[in-house]
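Below is one structure, written out as structure tokens, with a few remarks after it.
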Amino acid sequence: MSKRILVLPGDGIGPEIVAEAVKVLDRLAGEGLAVELDEGLVGGAAYDAVGSPLPEATVAMAKEADAVLLGAVGGPKWEPLDIALRPEKGLLGLRAELGLFSNLRPAILYPQLADASSLRAEIVAGLDLMIVRELTGGIYFGQPRGVRTLDSGERQGFNTLVYAEHEIERIVRSACEIAMKRGRRLCSVDKANVLECTELWREVATRVVAHEYPEIELSHMYVDNAAMQLVKWPKQFDVMVTTNMFGDILSDAAAMLTGSIGMLPSASLNEQGQGMYEPIHGSAPDIAGKGVANPLATILSVAMMLRYSLDEPAMADRIEAAVNSVLDQELRTPDIMSEGMTEVDCMGMGDAVVAAL
Ligand code: NAD
């Protein structure tokens, strides 16, 4: 039976980069990958067409799909809108509707691009780590929250860090499943020396790994040390798992180690293994419509989709090898251009990946 993929190009450079990723999917479909693509509206494009950043039809199609491929949403055109109608609401709404609790953020630095990092090449060349961030719980969602006025008349802001055992168990399991497909090393990041909530996190992580994944080598690290280790020697890590807020911060730091935002894919999964796949970057309004965006992050998101939602790891490997090959051919979009390389545009890069496949 064919797998259904919902394609949501979104705003800005979204349609340009998604078109190149769809070329890659079409190529694989021509070789026997059984997929059916539907296209839907999200973000500012959806607001312009039907007055909502997340139309009901899009939610319904997303729930029916095995996976969602998203470009990006947002842009200055929609900034004056009320917050409930902004494009970003479309993205947050999809995460909530699909129950996407596990956010996979790889930080991969192709050796060919090592000069793009702000760190020395030998520290980052060949970096390949995966941060698994809990996405639907923790302090970003905990109740009570707000700003209250104390008896003294002074205002006080407050948020609550909460994790129930089942939330910790499922994110640790999700990270273990990823680790089993990689180097079988998992580092759980917490602040167990100060926060009771993450003391429980550490206890549950230890239990899940010991009982269910004895093959995995588990270590624990306090978040402040993890931040230091990421910039000191990032290649020590295979898979990291952490809370929503710690993951938000650490995954951005890890992404920036690679120096090339146009190269990094991401995935968000729910308990059924259904996932939404998207580049980590935004809609890049400054270059939208110029045809110069780097489509590789979106193409690599398709590779993640094949690996984590469509159970086609060999095809995923082939896409990643094709990306390696175009970099070896010294083809570069402007964002990763350096001296002596050949500059190509968005379509040129997509065509080169298809040719390398
Ligand atoms: P951005 O990631 O869109 O752009 C940051 C810089 O990186 C820009 O200079 C841009 O040109 C460049 N860049 C990004 N992707 C690129 C690519 N594929 N190829 C070449 N260059 C690329 O971040 P921003 O400027 O802070 O945000 C722009 C809009 O995107 C905002 O409306 C923001 O809310 C939205 N946004 C959306 C998402 C998402 O859809 N997941 C994520 C982040 C930001």
Side-chain angles (χ1 to χ4, degrees), residues 7-21 24 40-48 53-54 58 62 68-96 98 100 103-106 108 110 113 116 118 133 135 247-249 251-252 255-256 258-268 275-302 304 323 326-327 331-338 341 343-350 352-353:
V7 177
L8 300 174
D11 308 321
I13 60 170
E16 301 165 41
I17 53 178
V18 163
E20 301 312 311
V24 169
L41 287 167
V42 74
Y47 175 79
D48 288 349
L54 185 58
T58 300
V68 178
L69 178 66
L70 181 103
V73 298
K77 179 179 174 192
W78 301 283
E79 268 161 27
L81 287 177
D82 186 76
I83 206 153
L85 294 174
R86 288 213 198 127
E88 291 75 9
K89 273 282 166 196
L91 195 58
L92 295 176
L94 266 177
R95 283 180 186 161
L98 298 177
L100 303 171
N103 184 213
L104 278 45
R105 292 269 305 254
I108 297 169
Y110 291 86
L113 303 178
S118 52
R133 165 190 172 195
L135 201 58
D248 189 5
I249 298 165
S251 65
D252 266 17
M256 285 306 110
T258 73
S260 28
I261 194 171
M263 296 293 302
L264 292 176
S266 77
S268 305
M276 184 155 87
Y277 297 82
E278 55 182 315
I280 69 155
H281 59 72
S283 58
D286 51 336
I287 56 166
K290 296 185 179 158
V292 296
N294 185 346
L296 291 178
T298 318
I299 290 172
L300 290 165
S301 300
V302 171
M304 290 190 84
V323 168
V326 298
L327 295 176
L331 302 177
R332 303 283 188 272
T333 44
D335 59 308
I336 52 172
M337 185 59 190
S338 61
M341 304 289 126
E343 192 169 303
V344 291
D345 61 11
C346 185
M347 277 175 78
M349 187 57 101
V353 174

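Each residue takes its place number in the sequence, starting with 1. Counting convention: from 1, in listed order, for ligands and their atoms alike.
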Does ligand 1 have a heavy atom under 4.0 Å from the side chain of Asp286, from its backbone, from both, or from neither?
side chain
Atom 43 (C) of ligand 1 - nearest protein heavy atom and its distance
Gly282 CA, 3.6 Å
Could you tell me whether the side chain of Thr298 reaches within less than 4.5 Å of the side chain of Glu20, counting heavy atoms only?
no
Distance below 4.0 Å between atom 27 (O) of ligand 1 and any protein heavy atom?
no
The answer for which part of Ile17 has a heavy atom under 4.0 Å from ligand 1 is neither
Among all protein heavy atoms, pick out the one at the shortest distance from atom 32 (O) of ligand 1; state its residue, atom name and that distance to 0.1 Å.
Gly75 N, 3.0 Å
Atom 19 (N) of ligand 1: the protein heavy-atom neighbour that sits closest, reported with distance to 0.1 Å
Asn294 N, 2.9 Å
Identify the protein heavy atom lying closest to atom 33 (C) of ligand 1, giving its residue, its atom name and the separation to 0.1 Å.
Glu88 OE2, 3.8 Å
Any side-chain heavy-atom pair of Pro295 and Glu16 under 4.5 Å
no
Check ligand 1 against Ala72 and write out every atom of the ligand that is under 4.0 Å from a heavy-atom position of the residue.
40 (O)
Side chain, backbone, both or neither: which applies to Leu91 and ligand 1 if a contact is any heavy-atom pair less than 4.0 Å apart?
side chain
Where's the contact between Val73 and ligand 1, heavy-atom distance under 4.0 Å: side chain, backbone, both or neither?
both
Is the shortest heavy-atom distance from the side chain of Asn103 to the side chain of Arg95 under 4.5 Å?
no
Taking the basic N atoms (NZ, or NE/NH1/NH2) and the acidic carboxylate oxygens, is any pair closer than 4.0 Å for Asp48 and Lys77?
yes
side-chain contact (heavy atoms from CB on, under 4.5 Å) with Asn294: which of Arg332, Met263, Met337?
Met263
For atom 9 (O) of ligand 1, state whether the nearest protein heavy atom is under 4.0 Å away.
yes
I need the Trp78 CH2 to Leu85 CG distance, nearest 0.5 Å.
13.0 Å
If you round to the nearest 0.5 Å, how far is OG of Ser268 from CG of Leu98?
9.5 Å
Any protein heavy-atom neighbour for atom 36 (N) of ligand 1 (distance below 4.0 angstrom)?
yes
Enumerated ligand 1 atoms positioned under 4.0 Å from heavy atoms of Gly74:
32 (O)
Pro285 near ligand 1 by a heavy-atom separation under 4.0 Å:
yes
Can you list the ligand 1 atoms lying under 4.0 Å from a non-hydrogen atom of Ala293?
19 (N)
Which of these, Gly90, Ser283, Gly43, has its nearest heavy atom closest to atom 30 (O) of ligand 1?
Ser283
Can you see which heavy atom on Ser260 is nearest to which on Ile336, and at what distance?
CB-CG2, 3.7 Å
Taking the side chain as everything from C-beta on, heavy atoms only, tell me whether Leu94 gets closer than 4.5 Å to Leu8.
yes
Any protein heavy atom lying closer than 4.0 Å to atom 14 (C) of ligand 1?
yes
Return the closest protein heavy atom for atom 4 (O) of ligand 1 as residue, atom name and distance.
Ala284 CA, 4.3 Å
With the side chain counted from C-beta on, respond yes when Ser118 and Met256 share a heavy-atom pair under 4.5 Å apart, and no when they do not.
no
Nearest-neighbour protein heavy atom for atom 21 (N) of ligand 1, which is reported as residue plus atom name and distance:
Ile287 CD1, 3.6 Å
Among all protein heavy atoms in this structure, tell me which lies nearest to atom 5 (C) of ligand 1, with the distance rounded to 0.1 Å.
Ile261 CD1, 4.6 Å
Flag the pair Lys290 and Asp345 as a salt bridge only when some basic side-chain nitrogen lies within less than 4.0 angstrom of an acidic carboxylate oxygen.
no
Among Arg86, Met349, Lys290, Glu278, closest by heavy atom to atom 41 (N) of ligand 1 is Glu278
Heavy-atom side-chain proximity of His281 to Ile13 below 4.5 angstrom
yes
Contact between Val18 and Val7 at the side-chain level, heavy atoms closer than 4.5 Å - yes or no?
yes
